[in-house]
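Single-structure report; data block below.
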There are 2 protein chains.
Amino acid sequence: MTYSEENYIKVIYHLSLVSPKGINTNAIAGMIESKASSVTDMVKKLAEKELVDYQKYQGVTLTQKGLHAAKMIVRKHRLWEVFLVEKLDFTWDEVHDLAEELEHIKSEKLINRLDEFLGFPKEDPHGDPIPDRYGQMIKVEKQLLSEVGLNKKVMCLGVKDSSPSFLQYLDKHQISLGSEIEIINKEAFDMSLTILMNGKEILISNKIAGNLFVKVM
Amino acid sequence: MTYSEENYIKVIYHLSLVSPKGINTNAIAGMIESKASSVTDMVKKLAEKELVDYQKYQGVTLTQKGLHAAKMIVRKHRLWEVFLVEKLDFTWDEVHDLAEELEHIKSEKLINRLDEFLGFPKEDPHGDPIPDRYGQMIKVEKQLLSEVGLNKKVMCLGVKDSSPSFLQYLDKHQISLGSEIEIINKEAFDMSLTILMNGKEILISNKIAGNLFVKVM
DNA sequence: AATAATTTTTAGTTTTGTCTAAATTTATTT
DNA sequence: AAATAAATTTAGACAAAACTAAAAATTATT
């Protein structure tokens, strides 16, 4: 698999998690920052290699082979993120782009050794599950903070959109994975929340709350 | 710099260390496993980017800019090798090909953090010096075991050709970096050596001795 | 159900890095 | 010094992966 083919497979995988039907050309083009016509070309090649099922105008789905390949790329991506944060002291907003490069290093042995070196972590620094060497991963029963009812106590599990600016916002307010939060007010007008964390009250917009995955405790 | 450009710069650097005059097209083609005509094309591009000086039919030399770029690639290669051997328990004959891939990961910050994580090593697992972030590296006053006189005591410093089969040969005979060796006989006919190591006598061919760098003690 | 709007595909180019084969330059030999 | 051999460069072609613009198919709207 080429660098580019791997990126397509990965993007199709991520889109599949959100909508499990056929993934359409434009959605892929949007994610990969290319044009629909380029996607059509690549998708034909992936179909020839039996990594996706594809019928003209009907979108694509991953085959079993494609699904496994995608999970292995995600595995590499997330393990490298753990390495960068835990061993090289990067912050969680810095690691995504680097992991995008590192995920293409081709060696099963390397990634399995890295997994072992890191102590077989189950989640990456953003709270996303890491597939094991067979593609198995834990399922986190998480929901968005914006969907949680009043007066509930929750624990922060991960983020939906892991853009650097959002992650930096969280750092600034000392919100990290494992932080415990209580929702003490919900403003009806703009759905903003007042939360209690480490004894401090913080006001949080609905947009922020809609980007933060939590677990009710 | 593209992946391919980096490989050319690195190869030209390695050839420059052996013969400091202009590096000819065929030598580069041999190392990179391509054809002379491809080399000509690439060398023109590198000259446009001012990474090499090039005049038709006269071979190439690295510019200051090219030399620095080459050292940074070598730095990455050798630091990743140390990481693989020291942290992930790879053997010294396994790491070269993996480091060939890892050396192209583009991040100054990553490589400097890795350097720190590894304790700023001065040499890679084969005894080759690692350039620091400014391109500086130690110079090892080493000579080939085949050139050392009779009855001298030497310490093993590194290898010339680091092919897996040679490295495995060394492992089999328990010769590693730092091993102390005494030359107790030199056969005039085939220049093979009898050496004393850890109290044991071993017979070594001239070809092996010509691949092993040592320092007289 | 016909038309409009959108999405997807096709056709034809472009760029990067490679190749082969032919032409040119340099080196070697007689 | 001329002839031959070897090395190097040029010219033209190709594959991968992208693009633009136009055509075709699907979906939405009236």
Side-chain angles (χ1 to χ4, degrees), chain A residues 1-13 15-16 18-62 66 69-70 73 100-101 103-106, chain B residues 1-13 15-16 18-62 66 69-70 73 100-101 103-106:
Chain A
M1 267 222 262
T2 67
Y3 197 100
S4 189
E5 285 170 356
E6 289 190 339
N7 277 334
Y8 274 88
I9 288 293
K10 186 186 56 170
V11 160
I12 295 166
Y13 171 74
L15 290 169
S16 302
V18 183
S19 75
K21 358 156 200 173
I23 307 304
N24 51 334
T25 310
N26 259 351
I28 299 171
M31 294 277 283
I32 239 148
E33 293 180 42
S34 67
K35 296 299 158 71
S37 56
S38 310
V39 174
T40 302
D41 288 345
M42 178 56 88
V43 148
K44 282 181 185 169
K45 203 192 307 181
L46 295 174
E48 289 227 332
K49 295 195 173 187
E50 299 186 314
L51 293 161
V52 300
D53 288 318
Y54 166 64
Q55 281 157 210
K56 274 192 190 180
Y57 298 100
Q58 303 310 129
V60 289
T61 52
L62 290 173
I73 299 165
E100 290 282 291
E101 276 194 74
E103 74 191 5
H104 298 289
I105 300 294
K106 288 178 205 339
Chain B
M1 266 222 261
T2 67
Y3 197 99
S4 190
E5 286 169 356
E6 288 189 341
N7 278 334
Y8 274 87
I9 288 294
K10 185 186 57 171
V11 161
I12 295 167
Y13 171 75
L15 291 169
S16 302
V18 183
S19 75
K21 359 159 199 170
I23 307 305
N24 51 334
T25 311
N26 259 351
I28 298 171
M31 295 277 282
I32 239 147
E33 292 179 43
S34 66
K35 296 299 158 74
S37 57
S38 311
V39 174
T40 303
D41 287 346
M42 179 56 87
V43 148
K44 281 180 186 169
K45 203 191 308 179
L46 296 175
E48 289 227 332
K49 295 194 174 188
E50 299 186 314
L51 292 161
V52 299
D53 288 318
Y54 167 63
Q55 281 157 210
K56 275 191 187 184
Y57 298 101
Q58 302 310 130
V60 289
T61 51
L62 290 174
I73 299 165
E100 289 282 292
E101 275 194 74
E103 74 191 5
H104 298 289
I105 300 293
K106 287 177 205 345

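These numbers come from the heavy atoms of this one structure, side chains and all, not from hydrogens, waters or symmetry mates. Note on naming: letters A, B, ... go to the chains in the order of the sequence lines (proteins, then strands), and numbering restarts at 1 for each one.
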Selection from C/dT7, C/dT18, D/dT8 that lies nearest to any side-chain heavy atom of B/Ser38: C/dT18

Residue whose closest nucleotide on DNA chain D lies nearer the 5' end, A/Gln58 versus A/Ser34: A/Ser34

N/O donor-acceptor pair, side chain B/Thr40 with base D/dT10, under 3.5 angstrom: no

Within-4.5 Å side-chain heavy-atom neighbours: B/Thr61 and B/Tyr54: no

Nearest-neighbour nucleotide for the B/Ala36 side chain, D/dT9, D/dA18, C/dT18 considered: D/dT9

Interatomic distance, A/Tyr57 OH vs C/dT6 P [rounded to whole Å]: 17 Å

Touch class at under 4.0 angstrom, heavy-atom based, for A/Asp41 against every strand present: base

Note, B/Ile12 side chain near B/Val60 side chain (heavy atom, < 4.5 Å): yes

B/Glu50, CD: over 12 other non-hydrogen atoms inside 6.0 angstrom: no

B/Tyr54, nearest nucleotide to its side chain (from D/dT10, D/dT9, C/dT8): D/dT9

Charged N-O contact under 4.0 Å between A/Glu5 and A/Lys10: no

Given C/dC19, C/dT26, D/dA7, the nucleotide with the shortest approach to the side chain of B/Lys35: C/dC19

Phosphate OP1/OP2 of C/dT8 contacted by A/Asn26 side-chain N/O (<4.0 Å): yes

Sugar-phosphate only, base, or nothing, as touched by A/Ser37 at under 4.0 Å among non-hydrogen atoms: base

Touch class at under 4.0 angstrom, heavy-atom based, for A/Tyr3 against every strand present: nothing

Distance test, side-chain N/O of B/Lys44 to OP1/OP2 of D/dT9, below 4.0 Å: no

Given C/dT26, C/dT10, D/dT9, the nucleotide with the shortest approach to the side chain of A/Lys56: C/dT10

Closest listed nucleotide, where the reference is the side chain of B/Met42 and the choices are D/dA21, C/dT18, C/dT8: C/dT18

